[in-house]
Structures are given as C-alpha cells and as structure tokens.
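Structure first, commentary second.
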Amino acid sequence: MCGAPGSGKGTQSDRIVEKYHLAHLSTGDLLRQEIATGSELGKLLDSFISKGNLVPDDVIIDILAKHIDSLDADCAGVIFDGFPRNVAQAEALEKMLAERNEATSVLLDLQVEHDELITRLLNRGKVQHRSDDNIDTIKQRLVVYEEKTRPVNDFYKNINKYQAVDGMGTMEEIFERIDSILKQF
Ligand code: AMP
C-alpha cells in the first residue's frame, strides 16, 4: 500500500486486513513502537521521523527481516503499509520474498490531492499528537514523497503490478475501489 503521507494507507490497510485476513506490516507503526520504548534506537529513529525524513534503508530492512518470518503462517497474505518507500527498498523486498518463494501481487497507489493531504494530516495531528504531523514536517514529508517514494510506482509499473486508486471521497467509497482490485487476486 503506497501513497503520499495522509493518503489513507493505514486506514484502508486496516479495512483490507479485516476483510481478507491478511497480516498487516506497517513500518511506520513498528518505528513508532520502538520510539515509545524510549530506547537509544528509538531516539535515533525519532530524529529522522520528526524532521520528515526517511529512516535509513538498512534500519528498515533489518526491522522488516525480523518481522517477516514471525508473521502468522496461516494468514492469507501480507499487506505492507508504508513500505517500500524508495526503489532500493522495493528491490530489497522483492529479493527477500523471492528467497522465500513468495512474491508481491500488486502495489496500490492511493492518489489524493495535495491540499486534501495537508488537511488530513493537520487534523490527525490534533488527535494523535504524532511528532511529524505539524506543518513544517508535513511539507518535508511531501517533498521526500515526490523525490524518493513516487519512483516506486514506476518500479511496479515496469513489472506490471501497479494499480492506481482514487483516494478522494469517503472511507467507504475508497475501500470499494480497493476491494474491486483485490477481488482479482
Ligand atoms: P508512516 O506512518 O508510514 O506515515 O511513516 C511515518 C514516518 O516513519 C515516515 O515519515 C518516515 O520518517 C518513517 N518511515 C516509515 N516507513 C518507512 C520506510 N519504509 N522507510 C523509511 N522511513 C520510513
């Protein structure tokens, strides 16, 4: 599940997981869990996240490698939420899965207009008090998205696994659009 910050990746992932009995692996959630422990690693992670920058690939790939083999073996599949965030991570994911005789099925690109992203993130900031949902950090996250994450779409287009999803509208409408794609798998 990909898309700009505020595009609804987490919200829609929760719905998909519920309907399709998938395991949910959100790198953002895993990073925030580590930060919540107050560990030295957590402090280092927060220094990237609170500035709106990506956490270095080796840290992310390490976290992923730790979790991927501990997922419920009986689940129908896995939804990666907020990962891969750049082309190097996409390559690492494909390699990690190939080594396990697994493969990705589809990249869902949730597309939301710029002003709507900012509105949603500022609203979430008021409720969830995340260190990165403030206007300066939001602007940087959107720059990072354009520079680093958007090229991941082309990576999946090249291997015929890309599907754009209109991410504007109600949660229900967006879920219906995603669901009509996932029914094909
Ligand atoms: P998210 O919850 O997906 O919006 O992620 C929040 C923040 O965590 C991002 O702005 C990044 O700083 C960091 N982060 C989450 N996932 C990744 C990833 N795959 N690679 C690098 N940084 C990440």
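Hydrogens, waters and symmetry mates play no part in the numbers below; they use all other heavy atoms, side chains included. Numbering of ligands and ligand atoms starts at 1, following listing order.
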I'd like to know if Arg141 pairs up with Asp133 as an ion pair, taking the criterion as any Lys NZ or Arg NE/NH1/NH2 lying under 4.0 Å from an Asp or Glu carboxylate oxygen. yes
Shortest non-hydrogen separation from Cys2 to Leu107 and the atoms involved: SG-CD1, 3.6 Å
Taking Lys66 for the side chain and Asp62 for the main chain, is one N or O donor matched with an acceptor at less than 3.5 Å? no
Tell me the residues surrounding ligand 1, counting only those with a heavy atom closer than 4.0 angstrom, sorted by chain and number. Thr27, Gly28, Leu31, Arg32, Ile49, Asn53, Leu54, Val55, Ile60, Gly82, Phe83, Arg85, Gln89, Arg130, Asp132, Arg141
Charged N to carboxylate O under 4.0 angstrom, Glu116 versus Arg120? yes
Do side-chain atoms of Ser7 reach the backbone of Gln111 as a donor and acceptor pair under 3.5 angstrom? no
Taking the side chain from Arg15 and the backbone from Thr11, do they hold a donor-acceptor pair closer than 3.5 Å? no
